[in-house]
Amino acid sequence: MALLATKLLLAPLCVVGVSLAGRRWGVAVAGVLGGLPVVAGPILLVLTLLHGRSFGADAAAGTLLGLAALTMFVVVYGCIAPWAPAAATVVAGWTAFLVGVALLTLIHPPPVGALILVGAGFAVGIGLLAAPKWPLAVQVALPWWDLPARAGAALALVVALTATSGALGPHLSGLLAPFPIITSVLVVFTHAYGGADQVRVLLRNFLVGFYGFAAFCFTLAVALDSMGIAAAFSIALVAALAVQAMTLAARSRLVPSPAPQLATENSE
């Protein structure tokens, strides 16, 4: 029950925390922070506890490879956002993710190969999503229900994903674990209130943040073969946080972004 509660509550809490960080420091920082595996990590932990370390290692390797499909979501959303409303754009992004998963089920590279593939994919994705023109449009005032709605949307997506994980085998369960839950919630609300340029900044920095996600999955896939569950997940978490800290520090050089623009809430 504790694991289930953690899995269900962590994503909504992270969405709220990242959203507040975006209001304080800008959408670029929100993108990097949103790259942490706060949904996939608990899912992998539950799968490992239920099915064993071998299953967990295979699922972690699948999740690492699934980041290529997540990159497809990011690129498709970013390319369509200037021309379509948020609802249609996120559906197109989800479709791209599922198509990517279908293609990735055909290959089973070793963790090192998957790490190289997704790392290159992140770099290509950043290149495909050209930086928006500065200065960005100021984000409109946000209604009082904005944060609760974001948390509720994240919870609904986690419940839907949890219902399918575990019964599909380690590889497919792993490929589906990085389904863009937090990414979808953040980009849809940013799209609705900040416009396509704000979305482009957010998505480019998501790709930067995904390097920490990849470090977590790679470390876990390797460590579970020779370590206990607690040790493997602890080391993977440290690796993710270390890479995330480095990417956050180097963000201004990797993906230049404008000064943060604070959003104000409408109390009416």
Side-chain angles (χ1 to χ4, degrees), residues 1-11 13-14 17 32-71 101 104-105 107-122 158 161-162 164-183 207-250:
M1 292 299 296
L3 287 173
L4 178 61
T6 299
K7 183 165 63 171
L8 293 178
L9 295 178
L10 193 55
L13 290 175
C14 182
V32 176
L33 294 177
L36 287 169
V38 295
V39 176
I43 289 175
L44 289 172
L45 177 58
V46 171
L47 292 175
T48 303
L49 291 173
L50 291 177
H51 303 289
R53 290 191 293 122
S54 178
F55 189 103
D58 290 342
T63 302
L64 175 61
L65 186 61
L67 291 175
L70 182 56
T71 301
V101 167
L104 292 170
T105 58
I107 61 175
H108 292 75
V112 172
L115 182 64
I116 294 172
L117 174 65
V118 299
F122 301 155
V158 167
L161 181 60
T162 301
T164 60
S165 294
L168 304 174
H171 188 62
L172 185 54
S173 294
L175 288 173
L176 289 172
F179 185 88
I181 293 177
I182 291 177
T183 314
L207 290 170
V208 174
F210 288 162
Y211 283 103
F213 198 154
F216 175 87
C217 295
F218 173 77
T219 304
L220 187 61
V222 173
L224 278 174
D225 285 334
S226 58
M227 297 182 180
I229 295 176
F233 273 86
S234 297
I235 293 175
L237 180 59
V238 170
L241 293 175
V243 172
Q244 208 76 343
M246 289 187 290
T247 55
L248 188 60

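For the atom pair CG (L67) and CZ (F218), the distance works out to 13.5 Å, reported to the nearest 0.5 Å. In this structure, the separation between OG1 on T105 and CG on L176 is 10.0 Å, given to the nearest 0.5 Å. In this structure, L70 CG and T183 OG1 are separated by 5.0 Å, a value rounded to the nearest 0.5 Å. Expressed to the nearest 0.5 Å, how far CG of L172 lies from CG of D58 amounts to 13.0 Å. Here OG of S234 is found 10.5 Å from CG of L220. Values are rounded to the nearest 0.5 Å.
Closest non-hydrogen pair, G62 versus L175, comes out as O-CD2, 3.3 Å. D225 and A221 make their closest contact through OD2-O, 3.6 Å (heavy atoms, listed as atom of the first residue, atom of the second, distance). The shortest heavy-atom contact between L104 and A68 is CD1-CB, 4.1 Å. The nearest pair of heavy atoms linking A239 to T219 is CB-OG1, 3.5 Å. Counting all heavy atoms, side chain and backbone alike, L65 lies closest to A114 at CD1-CB, 4.3 Å. Across F216 and L237, no two heavy atoms sit closer than the pair CD1-N, 3.8 Å.
Between V222 and V112, every side-chain heavy-atom pair lies at or beyond the 4.5 Å cut-off. Side-chain contact between V118 and F213 is absent, with no heavy atoms from C-beta onward closer than 4.5 Å. Inter-residue side-chain proximity for L64 and L117 is flagged as unmet; no heavy-atom pair is nearer than 4.5 Å.
A distance-only check finds a donor-acceptor pair linking the side chain of R53 to the backbone of M227 [under 3.5 Å].
Using a 30° and 60° split on the angle between ring planes, F210 and F122 fall in the tilted class, from 30° to 60°.
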